[in-house]
Amino acid sequence: MSSTQDILEAITAGASGEDLANLELPESYRAAFVKADEADMWEGVESADKDPRKTLHVGEVAMPELAPDEVVVAVMASAINFNTVWTSIFEPVSTFGFLKRLGKESKWGARHDLPYHIVGSDGSGVVLRTGSAVRNWKAGDKVTIHCNHVDDQDPSAHDDSMLAANQRIWGFETNFGGLADLTIVKANQLMPKPKHLTWEEAACNALCNSTSYRMIVSKHAGDMRQGEAVLIWGATGGIGGYAVQYVLNGGGIPVGVVSSPERAALLREMGCEHVIDRKEAGYKFWADEFHQDESEWRRLGKDIRGLIGRDVEMVFEHPGRSTFGASVFVTARGGRIVTCAATSGYMIEYDNRHLWMKLKRILSSHFANYAEAWAANQAICDGKVQPMLSRVYSLENTGEAALAVHQNKVEGKAGVLCLAPEEGLGIDDPEFREQVGEDKITLFRRMTS
Ligand code: NDP
């Protein structure tokens, strides 16, 4: 029986795919998980006071059996996404309900219904085993993993797989997530690892990068045209930072909103000329808990016009309740509000007159289908989109990392080292890295504390 240490040594020594495939898999491995019997522990506690360090445990978990359409990946690095925060604070619902429903679907689904939930929806690593039905991947392949978990025998998954009736997010609505030394994923979640990046730089992109690609670029959501102006909330955050890059790459004009002078400087460094510091501006869109203040929406609209001389054609919306009314208001006639989240609250209120009278459209978006995730990964492989890694934690400190994201202390992405013993490993194409530019690749790491 190999240990995960043996696996790491084999990978580090450059073992062939055949040698890796011949390594026996361990019976258990290290992972970050929440426990079903702790799902009630936050009752009566305010969201902001819920501390993920108390609910995210790191320990040994049993190696699950591999289904024919799956692969085992040795996870070198992973990353924190906001969904791990939601899981750890058991909001808006406990994720054990998702696992129970998946457990009822099939023999393979039943493996997921456990009293612990291994979290994490990003990862980079090396394929160790392939199930008998896997054709396009083999042991030894270096990969990144996207989180769209779909059943390819479900007809509803064959137009846009995000419309599949049983579409799920790996490591959030399924078990065996990426914040672990090993993971099992469907073969159709794999994408090639960008050769010029470290394990942790490669691991931090797939979820946020693909989400922003669909929201801004894809015909399924924003479908941005050259020259369009886009208001981007949280423009140095996980999804916001990739959105800025796609708007710039597509010949658009990003107007980025952030909440500190440091973030404003970072945004300018990314090439976003038009920046609003929402803290400095002191917008108060909600006069009290129940009433919004339209004059504050107008003030934001005026500030945008002051910067770009017109209204924005699109708003990249995710804060939700706190900003949605303003987002609808400031969108240009005929423009669109693309939403994928509601960090500050999902019961949204906006003035419908501003929507219908000016023929605006609200478009919903959620992660990305395989083709979109692949295109977004290709943009990273080509050096056209940069990873936004700003911090790196050890797997043992997953709770600490999730707390920092929960408290809005992280710019870009927080990476997590799993099997990778240290930062900086995994670069296979240093020449291309130099061509893309070390400064560009490490911008967030350098400019944040
Ligand atoms: P981050 O924490 O990395 O960034 C969010 C940013 O939003 C922050 O940097 C902050 O920027 C800004 N923000 C937070 N609260 C408010 C507020 N009340 N008003 C205005 N701005 C605010 O998170 P992510 O970017 O990774 O995710 C953002 C949201 O999107 C989360 O709710 C997440 O769950 C969701 N999401 C949804 C996905 C999907 O597929 N549907 C995929 C990925 C994420 P600043 O303070 O600088 O203004």
Side-chain angles (χ1 to χ4, degrees), residues 47-48 79-89 91-92 121-122 146-149 162 167-173 204-215 218 220-221 231-244 255-267 272 275-286 296 300 315-327 338-346 348 363-369 372-373 376 388-391 401-415 444 448:
S47 288
I80 302 294
N81 284 293
F82 220 95
N83 64 7
T84 289
V85 176
W86 297 126
T87 302
S88 69
I89 63 175
E91 279 192 32
S121 304
D122 262 322
H146 76 75
C147 63
N148 187 16
H149 181 281
M162 287 308 296
Q167 184 280 327
R168 294 183 164 89
I169 298 294
W170 161 62
F172 179 60
E173 292 161 298
C204 73
N205 306 302
L207 188 144
C208 285
N209 180 37
S210 313
T211 301
S212 302
Y213 178 91
R214 182 170 171 117
M215 288 178 78
S218 171
H220 291 121
L231 181 75
I232 300 171
W233 293 104
T236 59
I239 52 174
Y242 293 101
V244 168
V255 179
V257 186
V258 287
S259 64
S260 70
E262 293 76 20
R263 289 182 177 185
L266 180 57
L267 199 48
C272 177
V275 178
I276 294 175
D277 181 338
R278 67 181 171 102
K279 273 241 171 80
E280 190 187 36
Y283 303 120
K284 213 161 175 286
F285 302 135
W286 285 86
E296 286 293 276
L300 172 64
V315 177
F316 183 86
E317 168 58 50
H318 54 93
R321 184 169 173 82
S322 61
T323 55
F324 207 93
S327 293
V338 185
T339 176
C340 76
T343 314
S344 65
Y346 51 81
I348 302 293
L363 300 168
S364 60
S365 192
H366 184 40
F367 187 61
N369 63 33
E372 290 161 341
M388 297 192 315
L389 184 77
S390 65
R391 304 174 177 206
L403 178 66
V405 172
H406 185 29
Q407 294 179 334
N408 189 13
K409 288 187 176 155
V410 178
E411 287 79 28
K413 298 294 305 173
F444 273 64
T448 57

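Any value given below was found using the heavy atoms of this structure, including those in side chains, with hydrogens, waters and symmetry copies removed. Whatever order the structure lists ligands and atoms in, that order sets their numbers, starting from 1. Only a predicted model underlies this, so the values are computations on that prediction, with no experimental measurement involved.
By the criterion of a heavy-atom distance under 4.0 Å, the side chain of Cys208, and not its backbone, is placed next to ligand 1. Contacts with ligand 1 closer than 4.0 Å are made by side-chain heavy atoms of Thr211 only, the backbone lying farther away. At a heavy-atom cutoff of 4.0 Å, ligand 1 is contacted by no atom of Val85, backbone or side chain. Under 4.0 angstrom from ligand 1, the non-hydrogen atoms of Cys340 come from both its backbone and its side chain. Within the 4.0 Å heavy-atom criterion, both parts of Ser259, backbone and side chain, lie near ligand 1.
Considering backbone and side-chain atoms together, Gly238 places an N or O closer than 3.5 Å to an N or O of ligand 1. At least one N or O atom of Ile239, backbone or side chain, sits closer than 3.5 Å to an N or O atom of ligand 1.
For the pair Ser212 (side chain) and Ile239 (backbone), a donor-acceptor distance under 3.5 Å is present. A donor-acceptor contact shorter than 3.5 Å links the side chain of His406 to the backbone of Ser47. Between the Ser210 side chain and the Leu207 main chain, no donor and acceptor come within less than 3.5 Å of each other. Not a single donor-acceptor pair under 3.5 Å links the side chain of Gln167 to the backbone N or O of Met162.
With respect to atom 15 (N) of ligand 1, the closest heavy atom belonging to the protein is Arg278 NH2, 4.1 Å. The protein heavy atom nearest to atom 30 (O) of ligand 1 is Ala341 CB, 3.2 Å. Gly234 CA, 3.6 Å is the protein heavy atom nearest to atom 12 (C) of ligand 1. Remark: minimum distance from atom 9 (O) of ligand 1 to any protein heavy atom is reached at Asn408 OD1, 3.4 Å. Looking only at protein heavy atoms, the nearest one to atom 4 (O) of ligand 1 is Gly237 CA, 3.5 Å. Here the protein heavy atom with the shortest distance to atom 33 (C) of ligand 1 is Phe82 CB, 3.4 Å. Looking at atom 7 (O) of ligand 1, its nearest protein heavy atom turns out to be His318 CE1, 3.4 Å. Distance from atom 29 (C) of ligand 1 to its nearest protein heavy atom, with residue and atom name: Thr343 OG1, 3.4 Å.
Listed by number with element, the atoms of ligand 1 under 4.0 angstrom from any heavy atom of Phe367 are 39 (C), 40 (O). Of all atoms in ligand 1, listed by their number and element, those nearer than 4.0 Å to a heavy atom of Ser322 are 17 (C), 18 (N), 19 (N). Of all atoms in ligand 1, listed by their number and element, those nearer than 4.0 Å to a heavy atom of Leu207 are 42 (C), 43 (C).
Paired with Glu317 under the rule side chain to side chain contact (heavy atoms under 4.5 Å, CB included), one option of Thr339, Leu231, Leu363 passes, and it is Thr339.
In this pair, Phe285 and Trp233 present their aromatic rings perpendicular. The plane angle is above 60°, beyond the 30 to 60° band.
Contact annotation: Asn81 has no heavy atom less than 4.0 Å from any atom of ligand 1.
Under 3.5 Å, the side chains of Asn81 and Ser121 contain no donor-acceptor pair of N or O atoms.
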- Item | CA sep, side-chain torsions, deciding dist, call: His366, Ile169, side chain to side chain contact (heavy atoms under 4.5 Å, CB included) | CA-CA 10 Å; His366 184 40; Ile169 298 294; 3.9 Å; yes
